[in-house]
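All remarks here apply to the structure that follows.
We number each residue from 1, following the sequence as shown.
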Amino acid sequence: MPSTKLILASASPRRIELLQQLGWSFVTQAADIDETPLLNEAPQELVCRLAEQKALAVYQQQQDPAVAVLGADTIVVVEQQILGKPSDYLDSLRMLKLLSAKQHQVMTAISLYYNNQAHTQLVCTEVFFSPVSETQIAAYWDSGEPCDKAGSYAIQGLGGKFVERIDGSYSSVVGLPLVETDRLLHSHITR
């Protein structure tokens with residue numbers, strides 16, 4: 001049986017590195033989709049829909065029927081608010097002040113589009129933040145790290161100093177849950 005060509009529907013260096021850790025051979029192709037939440041869309045529904053749409057968008061561009069496309073999306077949710085990527089410093093300040101000394105959820109959905117069907121899984125991790133001062137937030141913003149991160153922080157980088165503990169998957173908070181992704185791939189495709 002020939003192996004399936006795997007495409008990661010992302011240009012995220014973090015997702016690429018995590019998928020490489022699993023030992024899968026793959027190519028990358030970023031998906032260009034509208035990530036605007038729908039009216040009254042629950043966070044869980046949003047993140048799953050976005051992962052599926054990313055995978056489908058790339059899948060539909062392929063000529064080879066023996067291709068599988070892995071899409072992923074990560075959001076940060078605190079007090080039922082979805083925190084995306086900050087638009088500027090004031091938005092980052094707002095987000096990090098909201099996260100300061102609180103528990104929040106990081107939701108990552110993975111979706112494998114294969115044989116004209118989406119196989120999607122949601123992984124939720126509880127993250128506990130320490131108190132963060134405005135001075136710390138300003139210094140963190142100046143590092144450039146929070147500019148393109150959901151919730152305006154990266155647990156695997158300088159932002160990790162704000163995280164007291166997590167309950168769940170560390171790799172999911174980074175952007176791709178390793179255990180669940182490997183299981184999903186193994187259950188549907190061959191190397």
Side-chain angles (χ1 to χ4, degrees), residues 7-15 18 28-62 68-129 132 137 140-141 145-155 159 162-163 166-169 171-177 180-181 184 188:
I7 301 172
L8 175 62
S10 177
S12 162
R14 295 163 300 281
R15 288 197 176 108
L18 288 166
T28 61
Q29 182 179 334
D32 183 22
I33 64 163
D34 180 2
E35 297 190 26
T36 306
L38 301 176
L39 186 64
N40 299 319
E41 188 172 30
Q44 299 88 333
E45 294 168 352
L46 169 67
V47 72
C48 288
R49 178 177 62 82
L50 294 179
E52 289 174 8
Q53 285 185 345
K54 288 176 182 180
L56 178 59
V58 172
Y59 185 84
Q60 290 177 330
Q61 297 174 19
Q62 307 309 308
V69 180
L70 179 65
D73 195 73
T74 302
I75 60 172
V76 173
V77 181
V78 62
E79 299 172 351
Q80 291 303 308
Q81 290 184 56
I82 299 169
L83 303 183
K85 297 172 183 175
S87 57
D88 55 23
Y89 170 70
L90 290 178
D91 197 27
S92 178
L93 177 66
R94 175 189 65 82
M95 288 184 199
L96 292 171
K97 285 174 75 172
L98 190 58
L99 295 173
S100 177
K102 288 189 190 132
Q103 174 184 353
H104 64 275
Q105 296 76 42
V106 176
M107 299 178 185
T108 296
I110 51 174
S111 185
L112 183 67
Y113 210 92
Y114 180 62
N115 281 339
N116 291 312
Q117 190 173 10
H119 307 276
T120 305
Q121 185 171 356
L122 176 65
V123 178
C124 295
T125 301
E126 299 293 323
V127 180
F128 301 81
F129 250 43
V132 183
I137 293 170
Y140 185 48
W141 178 260
E145 185 178 271
C147 301
D148 65 342
K149 308 294 188 294
S152 199
Y153 77 94
I155 193 171
F162 304 138
V163 177
I166 69 167
D167 183 6
S169 169
S171 61
S172 182
V173 178
V174 176
L176 193 71
E180 293 82 359
T181 299
L184 182 66
H188 295 285

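Interatomic distance, OG of Ser111 versus CD of Gln121, reported as 10.5 Å (0.5 Å rounding). One distance of note links CD1 of Ile7 with CG of Leu112; it measures 11.0 Å at 0.5 Å rounding. Distance check: Tyr89 OH to Cys147 SG gives 12.0 Å after rounding to the nearest 0.5 Å. Taking OG of Ser12 as the reference point, atom NZ of Lys149 lies at 8.0 Å (rounded to 0.5 Å). Here SG of Cys48 is found 8.5 Å from CD1 of Ile75. Values are rounded to the nearest 0.5 Å.
Residue Met107 forms a side-chain contact (heavy atoms from CB on, under 4.5 Å) with just one option from Asp73, Val47, Thr125, Val76, and that option is Val47. Each of Val106, Asp91, Val78 was scored for a side-chain contact (heavy atoms from CB on, under 4.5 Å) with Leu83, with one residue passing: Val78. The one candidate from Lys54, Glu41, Gln44 that meets the side-chain contact (heavy atoms from CB on, under 4.5 Å) condition with Arg49 is Glu41.
Taking all atoms of both residues into account, the shortest heavy-atom contact from Pro86 to Trp141 is CG-CZ3, 4.0 Å. What you find for Ile33 and Leu50 is that their closest heavy atoms are CD1-O, 3.7 Å. Nearest heavy-atom pair, Ala9 versus Val58, reported as atom, atom and distance to 0.1 Å: CB-CG2, 3.6 Å. Here the shortest heavy-atom pairing between Val77 and Pro43 reads CG2-CB, 3.6 Å.
Glu145 places a side-chain N or O within 3.5 Å of a backbone atom of Gly159 that can act as its donor or acceptor partner. Checking side-chain atoms of Ser152 against main-chain N and O of Leu96 turns up no donor-acceptor pair under 3.5 Å. Ser100 places a side-chain N or O within donor-acceptor distance of the main-chain N or O of Val132, the cut-off being under 3.5 Å. At least one donor-acceptor pair under 3.5 Å links the side chain of Tyr59 to the backbone N or O of Asn116.
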For this session: Kindly indicate, with the supporting measurements, whether the criterion side-chain contact (heavy atoms from CB on, under 4.5 Å) is fulfilled by Val173 and Tyr153.
Result: CA-CA 10 Å; Val173 178; Tyr153 77 94; 4.2 Å; yes
For this session: Give the intermediate values and the outcome of side-chain contact (heavy atoms from CB on, under 4.5 Å) for residues Leu38 and Leu46.
Result: CA-CA 8 Å; Leu38 301 176; Leu46 169 67; over 6 Å; no
Problem set entry | Verdict with reasoning, Lys102 to Leu98, per side-chain contact (heavy atoms from CB on, under 4.5 Å) | CA-CA 8 Å; Lys102 288 189 190 132; Leu98 190 58; 3.8 Å; yes
For this session: Check the pair Gln117, His188 against side-chain contact (heavy atoms from CB on, under 4.5 Å), reporting the backbone distance first and the verdict last.
Result: CA-CA 11 Å; Gln117 190 173 10; His188 295 285; over 6 Å; no
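Atom CG of Asp32 sits in a sparse spot, with 12 or fewer heavy atoms from other residues, nucleotides or ligands closer than 6.0 Å. For Lys97, the NZ atom is loosely surrounded, since the number of other residues' heavy atoms within 6.0 Å does not exceed 12.
Looking only at atom types and distance, the side chain of Thr74 has a donor-acceptor partner in the side chain of Arg15 under 3.5 Å away.
Taking the side chain as every heavy atom from C-beta outward, Ile155 and Ile166 approach each other to under 4.5 Å. You'll find the side chain of Val123 stays beyond 4.5 Å of the side chain of Ile110, heavy atoms only.
Between Phe129 and His104, the distance separating the two ring centers is shorter than 6.0 angstrom.
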